[in-house]
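Step one of this worksheet: look at the structure below.
Letters A, B, ... mirror the listed sequences (proteins, then strands); counts begin at 1. Just so you know, these numbers come straight off a predicted model, no measurement behind them.
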Protein chains: 2
Amino acid sequence: MSAPATTRRDIPDASVARLPGYLRALTALARNGIPSVSSEELATAAGVSSTMLRKDLSHLGSYGVRGVGYDVERLASEITSALGLTQDWPVAIVGMGNLGRALAAYRGFAERGFRVIALLDGDPRVVGDRVAGDVVRPMHDLPDLVVDHGLAIGVIATPSAGAQEACDDLVEAGVRSVLNFAPAVLSVPDGVVVRTVDLSTELQILAFHGQRVAAPEVVV
Amino acid sequence: MSAPATTRRDIPDASVARLPGYLRALTALARNGIPSVSSEELATAAGVSSTMLRKDLSHLGSYGVRGVGYDVERLASEITSALGLTQDWPVAIVGMGNLGRALAAYRGFAERGFRVIALLDGDPRVVGDRVAGDVVRPMHDLPDLVVDHGLAIGVIATPSAGAQEACDDLVEAGVRSVLNFAPAVLSVPDGVVVRTVDLSTELQILAFHGQRVAAPEVVV
DNA sequence: ACGTTCTTGTGAACCCCTGCACAAAGTCAC
DNA sequence: GTGACTTTGTGCAGGGGTTCACAAGAACGT
């Protein structure tokens, strides 16, 4: 056996994906001044079963009290720590089209521990524009952003054609996490994590489920 | 046993979620005039393993030729049919904030078989505005949209607080599929399918993976 | 015509995840 | 202090999804 390392290494991916939901529910409870919550209540608020919630939380440790429930503040703090949100994460948004500008103006990021420190675009005609109060910067600013501001997460909001190039620029500058909104498969070296969110894909999945219940005769 | 119904009922959810990716890759191949493709090539283009691709396609039927590969046009057509995209799906976007306006201006939907037929908002001060060439309509227009235009999919781009109400309006009007961008858990009756895409959740998952490899010392 | 080569389709093993059932542990009432 | 009650934490079984290994089938060269 090697070093024990940190204690929270082996959380299943499926659990990790649900933790943000629990954190959101806990934050809402805390805002309403509720000090304690049972697994049943919290599970309902997060849209999962209570068994699954308890199993997920058990991966973090034993922070509940049997017969009572969970301390809201404490549990929120533990999940925050497990997700690595004890400090803000600097984020850069690449691509100032419609979606990029909407993301730049979105205020929800700051509330969840993310700080948009730069807006970039590969098109020289867009560089220098003002978007949501910030000046759009050129792609070659990326290395400095990583070194000087600890930039760690890149959001790709470019058209599909420019996504791989934007991704390469991010990776080369040292960014290790990428959130991709372009409908494209990005290839990255080992150690870089990419999550792709594609609006059309989501709609197509809904279409599949929709056709199963919809009446077959739809007039065009 | 009841009626045999359609033949494509039992496709695993995990497979359905990957079909749009295959379709996207096939469309790109067709645009380049490539008539045939092997499972290995297509899998690489879609970012999955060739075994998984073949297993997924086997749920649709046997449309490949051993020793040769798949006919690009034919396979694209079969997937299009399986997903229920042989005709356009009318979509309505609810909530004309930053994100809603960006979605309204996005042209990618039309290319993938979706037609935005209405933009709506619950705020009377926004109703009547022009967004991307369309006039924003009030929520009580929903029932007519369902009856007259076959509206089937609703996209919720409202703030978190108004999401459940917007969802209730959609469901009451007869919409059976909802794509939710608000960071909220929506409760719907049986038969209604909801998919939630939350940007902050995606970033938080990235943060978790990022902290595992990042150097612990990050200067604030 | 036949063997070689290539690629698909699929049975089977494996692994992860979810749900069930229950023991462990704490609180409250008296 | 004791018993009843509540709720967590978890071993175990069941199911679904992914990967492995290989048989089935089609084209091509000789």
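By the 4.5 Å heavy-atom criterion applied to side chains, I79(A) and L57(A) are counted as neighbours. At a threshold of 4.5 Å between non-hydrogen side-chain atoms, the residues S50(B) and R54(B) count as touching. Between L103(A) and F109(A), the closest side-chain pair of non-hydrogen atoms falls below 4.5 Å. Side-chain contact between M52(B) and R18(B) is present, with at least one heavy-atom pair separated by less than 4.5 Å. Taking the side chain as every heavy atom from C-beta outward, L186(A) and I156(A) approach each other to under 4.5 Å.
Running 5' to 3' along DNA chain D, contacts with non-hydrogen atoms of chain A at under 4.0 Å begin and end at dT6(D) to dC12(D).
The side chain of S58(B) places no N or O atom within less than 4.0 Å of a non-bridging phosphate oxygen (OP1 or OP2) of dG9(C). Taking 4.0 angstrom as the limit, R54(A) places none of its side-chain polar atoms (N or O) nearer than this to OP1 or OP2 of dC22(C). When the side-chain nitrogen and oxygen atoms of T51(A) are compared with OP1 and OP2 of dC20(C), none of them lie within a distance under 4.0 Å.
Between the side chain of T44(B) and the backbone N or O of E40(B) there is at least one donor-acceptor pair closer than 3.5 Å. A donor-acceptor distance shorter than 3.5 angstrom exists from the side chain of E41(B) to the backbone of S38(B), with no hydrogens or angles considered. A donor-acceptor pair under 3.5 Å is absent between the side-chain atoms of R112(A) and the main chain of A110(A), judged by distance alone. Here the side chain of T201(A) pairs no donor or acceptor atom with the backbone of V197(A) at under 3.5 angstrom.
Protein atom CG of L60(B) is 10 Å distant from nucleotide atom P of dG9(C), rounded to whole Å. Protein atom CG of D13(B) is 14 Å distant from nucleotide atom C1' of dC17(C), rounded to whole Å. Following rounding to the nearest Å, L19(A) (CG) and dC17(C) (P) show an atom-to-atom distance of 13 Å. We find that CG of D71(B) is positioned 15 Å from C1' of dT8(C), with the value rounded to whole Å. Atom P of nucleotide dT10(C) and atom CG of D56(B) are separated by 13 Å, given to the nearest angstrom. One interatomic measurement links the two molecules: CE of M52(B) to C1' of dC15(C), which rounds to 12 Å at whole-angstrom precision. Rounded to whole angstrom, the span from the CG atom of L75(B) across to the P atom of dT7(C) amounts to 17 Å. Atom CD in E78(B) sits about 12 Å away from atom P in dG9(C), given to the nearest Å.
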Where along nucleotides 24-30 of chain C does protein come under 4.0 Å, by heavy atom, of base (B) or sugar-phosphate alone (S), with - for untouched nucleotides?
BBSS---

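Where S49(B) and Y70(A) each meet DNA chain D at their nearest nucleotide, the meeting point lying more 5' is that of Y70(A).
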